[in-house]
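Only one structure is covered here, and it is reproduced in the block below.
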Amino acid sequence: MATLLRKIGLIRLHNRDTEDPKHHHHHRGGGGQQSASLRGKGGAKSGGHKPPPPPQQPQPGSAGDASPGPGKGKGKRAAEPAPRDKAPQPAAGAGGSRERAAGARAGPGPAAAAASGSLVPAARQQHCTQVRSRRLMKELQDIARLSDRFISVELVDESLFDWNVKLHQVDKDSVLWQDMKETNTEFILLNLTFPDNFPFSPPFMRVLSPRLENGYVLDGGAICMELLTPRGWSSAYTVEAVMRQFAASLVKGQGRICRKAGKSKKSFSRKEAEATFKSLVKTHEKYGWVTPPVSDG
C-alpha cells in the first residue's frame, strides 16, 4: 500500500512538472535548479508564504504594448522611438526663426540698404548747402564793406549761388585801363556760379562783357587761371582774392578791349566758355601749369 501511494505521488509530481512551463523550464535546466525549486515550494508550504505571482503579460491596447489595439494606431507612432540613423528634422517654426536670426546677422536686405543709403546723400547735400550758404553770406558782407569799391556784386534772379561781379578797377598804368577810359567802360562784368560743395571746389568764372582779347581770357569768356581748377583751388580763397588775382592776370597778359569791327559786338557764350575751360584744364593737367608766352594769351 505504501508503495502504491509513493507511485501516485510521483505521478502527480510528474504531471505538475509537465503542466507548469516555468517548472518544466527549471526541470530541463538541471537537477540543481529542480531541487532548489522543490525546496522552495516545500519551504513555502511549511512557512505559510505564498510564492510570488508570475509576471503578467501586457494586455492588448495598454501603454506598454507594442501592438496597436482597437483605435490605438496613433499610440504606436507616439511610442516608437525615432530612428537612430536619421537626424531629427527641425520644426517649421524653429527653422523659420533660425533663418530670421541668420538674416539679422547678415544685415539689412537690399531694400533696407537702399532706403538707408538714400538718406545719407540727402543729409550730406543738406549739410553742404548750409555750409555754402553761410560762406557766401559772409562773402557778400565782406565785399559790401570794401572801402575802395574794388568790386560789387549783384545776385542773378535773387539766387545766392549765381553772382554777377563788377570789376571796377585794374592797374591804372595798364593799357587795359586806358581802353576802359577811352570806351567809357565803367567795369568788367563777370559771372560766378558756385557748385554744391563750395568752398571746397572752385566757382566757375567767365567774362560777360566787354569782349576782351589776351589777358588769359579765352573763347566764350573762359579764364585760364590755375586757382580756378580743382587742383589749384583752396577753400581759403575768397571771392575778393580771386577777383584781385584776375585783375592782375589781365594786366600781366596785356589784356585789351576788343575794338575790331563785327567782333567787338559779339557776346560771350556760357556753353562755349565751359567747353573751352574743360579743354584747357585737360591740357594743363597733361603738360603742367606753366605760364604761356604773352603772345599766346
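In this structure, the side chains of Asp142 and Thr238 stay at 4.5 Å or more apart for every pair of heavy atoms. Here the side chains of Asp162 and Leu155 are not in contact, with every heavy-atom distance at 4.5 Å or above. Residues Met205 and Leu190 are in side-chain contact: their nearest non-hydrogen atoms beyond the backbone lie under 4.5 Å apart. Here the side chains of Trp233 and Val242 are in contact, with some heavy-atom distance below 4.5 Å.
Smallest separation of non-hydrogen atoms from Phe200 and Val131: CE1-CG1, 4.2 Å. Residues Val239 and Glu139 come closest through the heavy atom pair N-OE1, 3.1 Å. Closest approach of Phe246 to Ile223, counting heavy atoms only: CE1-CD1, 3.6 Å. Between Ala273 and Ala222, the closest heavy-atom pair is O-CB, 3.5 Å. For Gly255 against Leu176, the heavy-atom pair with the smallest separation is O-CB, 3.4 Å. In this structure, Pro195 and Pro203 approach most closely via the heavy-atom pair CD-CA, 4.0 Å.
No path of Ile, Leu, Val, Met, Phe, Trp and Tyr side chains, each step under 4.5 Å between heavy atoms, connects Leu192 with Val156, placing them in separate hydrophobic clusters. Under a hydrophobic-cluster definition in which Ile, Leu, Val, Met, Phe, Trp and Tyr are linked whenever side-chain heavy atoms come within less than 4.5 Å, directly or via other members, Leu227 and Leu250 are assigned to the same cluster. The hydrophobic cluster containing Leu146 also contains Val153, counting ILVMFWY residues as joined when their side-chain heavy atoms lie under 4.5 angstrom apart, directly or transitively. Two different hydrophobic clusters hold Val217 and Phe187 under the rule that ILVMFWY side chains link at heavy-atom gaps under 4.5 Å. Residues Leu189 and Met225 do not share a hydrophobic cluster, clusters being chains of Ile/Leu/Val/Met/Phe/Trp/Tyr side chains in contact below 4.5 Å.
Panel note: side chain Thr276, backbone Asp219; a donor-acceptor pair is recorded below 3.5 Å.
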Candidate pair Arg206 and Leu208, rule side chain to side chain contact (heavy atoms under 4.5 Å, CB included), full reasoning: CA-CA 7 Å; Arg206 66 188 180 99; Leu208 295 180; 3.4 Å; yes
Side chain to side chain contact (heavy atoms under 4.5 Å, CB included) assessment of Leu212 paired with Cys258: CA-CA 5 Å; Leu212 301 176; Cys258 181; over 6 Å; no
Chi angles and distances behind the side chain to side chain contact (heavy atoms under 4.5 Å, CB included) call for His168, Ser152: CA-CA 8 Å; His168 297 281; Ser152 61; 2.9 Å; yes
Working for salt bridge (Lys or Arg N to Asp or Glu O under 4.0 Å), residues Lys166 and Glu154: CA-CA 8 Å; Lys166 296 177 180 180; Glu154 293 179 356; 3.2 Å; yes
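Cation-pi geometry between Arg132 and Phe161 is met: under 6.0 angstrom from the ring centre, within 45 degrees of the axis.
Between Arg244 and Asp171, no side-chain nitrogen of the basic residue sits less than 4.0 Å from a carboxylate oxygen of the acidic one, so the salt-bridge criterion is not met. A salt bridge does not link Glu213 to Arg259: none of the charged side-chain nitrogens sits closer than 4.0 Å to a carboxylate oxygen. Salt bridge present: Glu274 and Arg270 bring a charged side-chain N and a carboxylate O closer than 4.0 Å.
Ring pair Phe204/Phe277 is perpendicular by interplanar angle, where above 60° counts as perpendicular and below 30° as parallel.
Rounded to the nearest 0.5 Å, atoms CD (Gln254) and OH (Tyr216) are 9.0 Å apart. Note: Asn197 CG to Ser235 OG = 11.0 Å, rounded to the nearest 0.5 Å. Taking CD1 from Ile151 and CD1 from Ile188, the interatomic distance works out to 12.5 Å, rounded to the nearest 0.5 Å. Once rounded to the nearest 0.5 Å, the distance linking CD of Glu226 with CZ of Arg231 reads 8.0 Å. Distance CG/Leu140 to CZ/Arg135: 12.0 Å, rounded to 0.5 Å. Considering CD1 of Ile257 and CG of Asp179, their distance stands at 5.0 Å, rounded to 0.5 Å.
For Glu186, the CD atom counts as loosely surrounded, since its 6.0 Å shell holds 12 or fewer non-hydrogen atoms of other residues, nucleotides or ligands.
Side-chain contact check for Thr229 and His284: no donor-acceptor pair (N or O, by modelled atom type) lies under 3.5 Å.
Ring pair Phe194/Trp163: centre-to-centre distance below 6.0 Å.
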